[in-house]
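One structure is given here, and the rest of the page talks about it.
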Amino acid sequence: MIFVTGGAGFIGSNFVLDWLAQSGEGIVNVDKLTYAGNLDNLVSLQGDARHHFVRGDICDGDAMLALLEQYRPRALVHFAAESHVDRSIHSPSAFITTNVSGTFALLEAARAYWNTLTGREKDEFRFVHISTDEVYGSLGENDAPFTEMTAYAPNSPYSASKASSDHLVRAYFHTYGLPTITTNCSNNYGPYQFPEKLIPLVMANALAGKPLPIYGDGGQVRDWLYVSDHCAAVRRALEAGRPGEVYNVGGWNEMKNIDVVRTLCAILDELRPAPGRSYASQVRFVADRPGHDRRYAVDAGKIERELGWKPVETFDTGIRKTVQWYLDHQDWVANVQSGAYLSWVEQNYAKREAS
Ligand code: NAD
Ligand code: DAU
C-alpha cells in the first residue's frame with residue numbers, strides 16, 4: 001500500500017479518490033483534520049477496505065514511524081500542510097510548525113523506516129513531496145515561466161515554509177540517499193476545495209448575494225490546473241520520477257484574477273441566473289494582500305518530456321465541471337461554512353476597505 005498525508009484536504013482527498021478508482025492498491029491516509037481536513041470528502045469510501053484513515057499529526061514523528069512500521073508502505077505521498085497564504089499572513093506560526101517541523105519529523109520517520117528495508121523494497125521506496133510554484137517568487141510581465149532551475153525567492157510566510165520543506169527534502173536525498181521526488185504545482189481548482197480560496201469563495205459568495213472581493217486591481221496572474229490533472233501528475237511522478245528530481249506541474253493557463261472571477265460569473269449567469277442582474281455586479285475591489293505576488297507561470301516541459309504527463313482539462317472544461325460540482329454540492333459547502341469559517345471571514349475581510 002501507499003502512505004498519504006493530508007488525504008482529507010482538497011488535493012489529498014481528490015488524490016485518494018482518484019487512486020482508489022484506478023488502482024487495487026490500498027492507502028493509509030494520515031490527516032490531523034484541521035479546519036481544512038474534511039472526512040465528508042471521503043464519504044464514498046465508507047466500507048472500502050482499501051482505505052485506512054488514521055487521525056494523526058505529521059509533527060509527531062514517533063507516531064508516524066509506528067504507522068510506517070505497522071502498514072509497511074512502498075511509498076509515501078506528502079500533501080499535509082497549512083496551505084492558505086492569507087492565513088499565513090495573519091498567523092504564520094502554524095505554517096512553520098506543520099510545513100517545516102512537520103515535514104522534518106516525517107522525513108526522519110521515513111528515513112528510519114526506509115533504513116529497515118532491504119533489496120528491492122529499499123530501492124523502490126519513494127517519498128513524494130507535494131510543493132508549490134510559490135517558492136519561486138513573483139514574475140514580471142515578460143519573464144519566462146518558472147523552470148526547475150529558477151532560484152527560490154519565497155515572499156509569504158506560506159511560501160517560505162514550503163521552500164524550507166523543499167530544502168529539507170532535497171537534503172535528505174543528498175545526505176541520506178532517501179529516494180525523494182518533489183513536485184511544484186501551480187494553483188489547483190476543482191471539487192472539495194475549501195471556500196477560503198479564490199474560486200470556491202467567489203462561487204459561494206455569488207450564490208449568497210455577497211460581495212466578490214478582488215484584492216488590489218485584480219491584475220495578478222496565476223496559472224490554473226484542474227485538480228485531477230495534478231493528481232495524475234503526482235501518480236506519474238511516483239511511478240516513473242527519478243529520485244532526487246524536481247518536477248514543475250502546471251496547466252499552461254495563465255489568467256488574471258479578475259478574468260477568473262468574470263468567467264465564474266458568466267458561467268453562473270448561464271447555469272443559475274439571478275433575476276435581473278449579472279453576478280459580476282457583486283464584484284468589489286478591496287485592499288490588497290500584503291506582499292501579494294504579481295505573477296506566477298509554470299514551465300511544465302520537464303514532466304511532459306520525461307514522464308509523458310500532460311493536463312487533460314483546459315480551463316474552459318475544468319471550470320465548467322467545477323461550477324457544476326459546487327452547484328450540485330451546496331450541502332457540502334454549507335457544512336464547511338462552520339463557526340470557525342465565519343470567524344476567519346470576519347478576520348480576513350471585515351477590515352479590508354473597499355478600494
Ligand atoms: P488543504 O489545506 O486543503 O489540505 C491540507 C490537509 O492537510 C488537510 O486535510 C489538513 O487537515 C491536513 N493537515 C494540516 N496539518 C496537518 C498536520 N500537522 N498533520 C497531518 N495533517 C495535517 O491543502 P491543499 O490545497 O489540498 O494542498 C495540499 C498540498 O498541496 C499542500 O502541501 C500544498 O502546499 C500543496 N499545493 C497546493 C496547491 C493548491 O492550489 N491548493 C497548489 C500547489 C501545491
Ligand atoms: O500557486 C499555488 C498556490 O495556490 C498553492 O501553493 C496554495 O496552497 C494555494 O492556496 C494557492 O495560493 P494563492 O494565494 O494563489 O490562492 P488563493 O485562492 O488564496 O488566491 C488566488 C489569487 O486570488 C491570489 O492572487 C489572491 C487573489 N484573491 C484571493 C482571495 C481569497 C482575491 O483577489 N480575493 C480573495 O478573496
Side-chain angles (χ1 to χ4, degrees), residues 4-15 29-39 41-42 54-60 63-64 77-89 94-95 97-99 101-103 105-106 129-136 138 146 154 156 158-159 161-162 165-166 183-190 192-202 205 211-225 227 230 234 249-250 255-258 260-261 283-289 292-298 336 345 348-349 352:
V4 167
T5 70
F10 163 47
I11 304 173
S13 60
N14 276 282
F15 180 84
N29 177 0
V30 181
D31 196 295
K32 184 179 174 183
L33 298 181
T34 66
Y35 78 92
N38 185 353
L39 288 178
N41 303 3
L42 301 167
V54 180
R55 187 169 193 182
D57 186 338
I58 58 165
C59 299
D60 184 347
M64 293 304 111
V77 186
H78 176 34
F79 292 96
E82 290 292 336
S83 70
H84 188 34
V85 174
D86 291 315
R87 286 186 193 254
S88 84
I89 294 166
F95 288 73
T97 303
T98 285
N99 300 358
S101 303
T103 299
L106 193 65
H129 173 59
I130 309 304
S131 192
T132 170
D133 61 355
E134 300 203 9
V135 296
Y136 298 120
S138 188
F146 304 131
S156 71
Y158 163 70
S159 54
S161 69
K162 292 297 289 186
S165 67
D166 293 6
T183 58
N184 291 85
C185 188
S186 59
N187 284 59
N188 284 214
Y189 65 98
Y192 303 114
Q193 188 167 29
F194 194 80
E196 64 187 356
K197 306 281 168 64
L198 180 69
I199 287 180
L201 177 111
V202 162
N205 282 15
L212 311 182
I214 310 286
Y215 297 165
D217 65 359
Q220 300 81 10
V221 172
R222 297 290 182 267
D223 171 69
W224 293 94
L225 181 69
V227 62
H230 184 191
V234 173
V249 182
M255 283 180 81
K256 288 183 179 167
N257 292 338
I258 186 67
V260 169
V261 173
V283 166
R284 296 288 179 276
F285 290 89
V286 299
D288 208 350
R289 173 186 279 176
H292 200 172
D293 285 336
R294 190 68 186 170
R295 175 176 167 238
Y296 303 144
V298 170
V336 297
V345 170
N348 192 42
Y349 294 101
R352 281 180 195 273

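Remember, it's 1-based here, ligands and their atoms both numbered in the order they're listed. All heavy atoms count here, side chains included; hydrogens, waters and symmetry mates do not.
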> Should you measure from each heavy atom of Leu33, which atoms of ligand 1 turn up under 4.0 Å away?
Replying inline: 11 (O)
> Side chain or backbone of Glu134 under 4.0 Å from ligand 2, or both, or neither, by non-hydrogen atoms?
Replying inline: side chain
> Under 6.0 Å from the NZ atom of Lys256, do we count more than 12 heavy atoms belonging to anything else shown?
Replying inline: no
> Which of the atoms in ligand 2, numbered in the order shown and given with their element, are less than 4.0 Å from a heavy-atom of Asp133?
Replying inline: 1 (O), 2 (C)
>> Please report whether ligand 2 has a polar contact with Trp224, defined as an N or O pair separated by less than 3.5 Å (distance criterion only).
In response: no
> Heavy-atom contact under 4.0 Å between Glu196 and ligand 2?
Replying inline: yes
> Is Gly9 close to ligand 1, meaning an N/O of one under 3.5 Å from an N/O of the other?
Replying inline: yes
>> Considering non-hydrogen atoms of the protein only, which is the closest contact for atom 3 (O) of ligand 1, and what is the distance?
In response: Phe10 N, 3.0 Å
> For ligand 2, which atoms sit closer than 4.0 Å to a heavy atom of His84?
Replying inline: 19 (O)
>> Among all protein heavy atoms in this structure, tell me which lies nearest to atom 20 (O) of ligand 2, with the distance rounded to 0.1 Å.
In response: Arg289 NH2, 3.8 Å
> Out of Arg222, Glu82, Lys32, who gets a non-hydrogen atom closest to atom 20 (C) of ligand 1?
Replying inline: Lys32
> Which protein non-hydrogen atom lies closest to atom 5 (C) of ligand 2, naming both residue and atom, and how far is it?
Replying inline: Tyr158 OH, 3.6 Å
> If you measure from each non-hydrogen atom of Asn187 to ligand 2, which part falls under 4.0 Å: side chain, backbone, both or neither?
Replying inline: both
> Atoms of ligand 2 less than 4.0 Å from Leu201 heavy atoms?
Replying inline: 36 (O)
> What residue and heavy atom of the protein are closest to atom 36 (O) of ligand 2, and at what distance?
Replying inline: Tyr349 OH, 2.6 Å
> Would you find a donor on one side and an acceptor on the other, under 3.5 Å apart, between the side chain of Ser101 and the backbone of Thr98?
Replying inline: no
>> Geometry only, no angles: is Ile11 polar-contacting ligand 1 at N/O separations under 3.5 Å?
In response: yes
> Given Ser83, Ala105, Ser13, which one has a non-hydrogen atom that is nearest to atom 1 (P) of ligand 1?
Replying inline: Ser83
> Taking distance alone, with no angle check, do Phe79 and ligand 1 share an N/O pair under 3.5 Å?
Replying inline: yes
>> At less than 4.0 angstrom from any non-hydrogen atom of Lys162, what atoms of ligand 1 do you find?
In response: 31 (C), 32 (O), 33 (C), 34 (O)
> Once you round to the nearest 0.5 Å, how far does OG of Ser88 lie from CZ of Phe95?
Replying inline: 5.0 Å
>> Thr103 vs His129, test: side chain to side chain donor-acceptor pair (under 3.5 Å). Steps then yes/no.
In response: CA-CA 9 Å; Thr103 299; His129 173 59; 5.0 Å; no
> At a non-hydrogen distance cut-off of under 4.0 Å, which region of Thr98 contacts ligand 1 (side chain, backbone, both, or neither)?
Replying inline: side chain
>> Which of the numbered atoms in ligand 1 are under 4.0 angstrom from any heavy atom belonging to Asn187?
In response: 40 (O)
>> Check this for me - ligand 1, Tyr158, N or O atoms closer than 3.5 angstrom, yes or no?
In response: yes
> For ligand 2, is there an N or O atom under 3.5 Å from any N or O atom of Asp86?
Replying inline: no
> Counting from 1, what ligand 1 atoms have a heavy atom of Ile130 closer than 4.0 Å?
Replying inline: 30 (O), 32 (O)
> Closest heavy-atom contact between Arg352 and Ala287?
Replying inline: NH1-O, 2.5 Å
>> Show me which atoms of ligand 2 lie under 4.0 Å from any heavy atom of His292.
In response: 24 (C), 25 (O), 26 (C)
>> If the contact criterion is a heavy-atom separation under 4.0 Å, does Gly102 count as touching ligand 1?
In response: no
>> Please tell me whether Asn99 and Glu82 have a donor and an acceptor in their side chains that are separated by less than 3.5 angstrom.
In response: no
> Can you tell if the side chain of Asp86 reaches within under 4.5 Å of the side chain of Arg289, non-hydrogen atoms only?
Replying inline: yes
> For ligand 2, which atoms have a heavy atom of Asn257 less than 4.0 angstrom away?
Replying inline: 22 (C), 23 (O), 24 (C), 25 (O), 27 (C)
> Does an N or O from Asp31, backbone or side chain, lie closer than 3.5 Å to an N or O of ligand 1?
Replying inline: yes
> What are the atoms of ligand 1, with element, lying closer than 4.0 Å to any heavy atom of Gly56?
Replying inline: 19 (N), 20 (C)
> Is the closest N or O pair between Cys185 and ligand 1 shorter than 3.5 Å?
Replying inline: no
>> Checking the side chain of Thr183 only, and the main-chain atoms of Val234 only, is there a donor and an acceptor separated by less than 3.5 Å?
In response: no
> With a cut-off of 4.0 Å, which atoms of ligand 2 are near a heavy atom of Ile214?
Replying inline: 33 (O)
> Is Lys162 salt-bridged to Asp133, going by a charged N under 4.0 Å from an acidic O?
Replying inline: no
> How about Leu201 and Tyr349: do any of their side-chain heavy atoms sit closer than 4.5 Å?
Replying inline: yes
> Which of the numbered atoms in ligand 1 are below 4.0 angstrom from a heavy atom of Ser131?
Replying inline: 43 (C), 44 (C)
> Would one find an N or O of Gln220, backbone or side chain, under 3.5 Å from an N or O of ligand 2?
Replying inline: no
>> Residue-level breakdown please: for Ser159 versus ligand 2, do any non-hydrogen atoms fall below 4.0 Å on the side chain, on the backbone, on both, or on neither?
In response: neither
>> Could you tell me, atom by atom, which parts of ligand 2 come under 4.0 Å of a heavy atom of Pro213?
In response: 32 (C), 33 (O), 34 (N), 35 (C), 36 (O)
>> Suppose I only count heavy atoms of Asp57 and a 4.0 Å limit; which atoms of ligand 1 are within that range?
In response: 17 (C), 18 (N), 19 (N)
> Is it the side chain (CB and beyond), the backbone, both or neither of Leu198 that lies under 4.0 Å from ligand 2, heavy atoms counted?
Replying inline: both
>> Side chains of His78 and Ile58, heavy atoms from C-beta outward: is any pair under 4.5 Å?
In response: yes
> For ligand 1, which atoms have a heavy atom of Thr34 less than 4.0 angstrom away?
Replying inline: 10 (C), 11 (O), 14 (C), 15 (N)
>> In this structure, does ligand 1 have an atom that sits under 4.0 Å from one of the heavy atoms of Ser186?
In response: yes
>> Any atom of ligand 1 sitting under 4.0 Å from a heavy atom of Phe194?
In response: no
> Is the backbone of Gly6 close enough, under 3.5 Å, to the side chain of Lys32 for a donor and an acceptor to pair up by distance?
Replying inline: no
> Can you find a side-chain donor-acceptor pair between Asp166 and Asn184 that sits under 3.5 Å?
Replying inline: yes
> So which bit of Tyr192 gets within less than 4.0 Å of ligand 1, heavy atoms only: side chain, backbone, both or neither?
Replying inline: neither
>> Between Asp31 and Ala8 (side chain of the first, backbone of the second, donor and acceptor by atom type, cut-off under 3.5 Å), is there such a pair?
In response: yes
> Against heavy atoms of Val85, which atoms of ligand 2 measure under 4.0 Å?
Replying inline: 14 (O)
> Among side-chain atoms of Tyr35 and Arg87, is any donor-acceptor pair under 3.5 angstrom?
Replying inline: yes
> Among all protein non-hydrogen atoms, which one is nearest to atom 8 (O) of ligand 2, and what is the separation to 0.1 Å?
Replying inline: Ser83 O, 2.7 Å
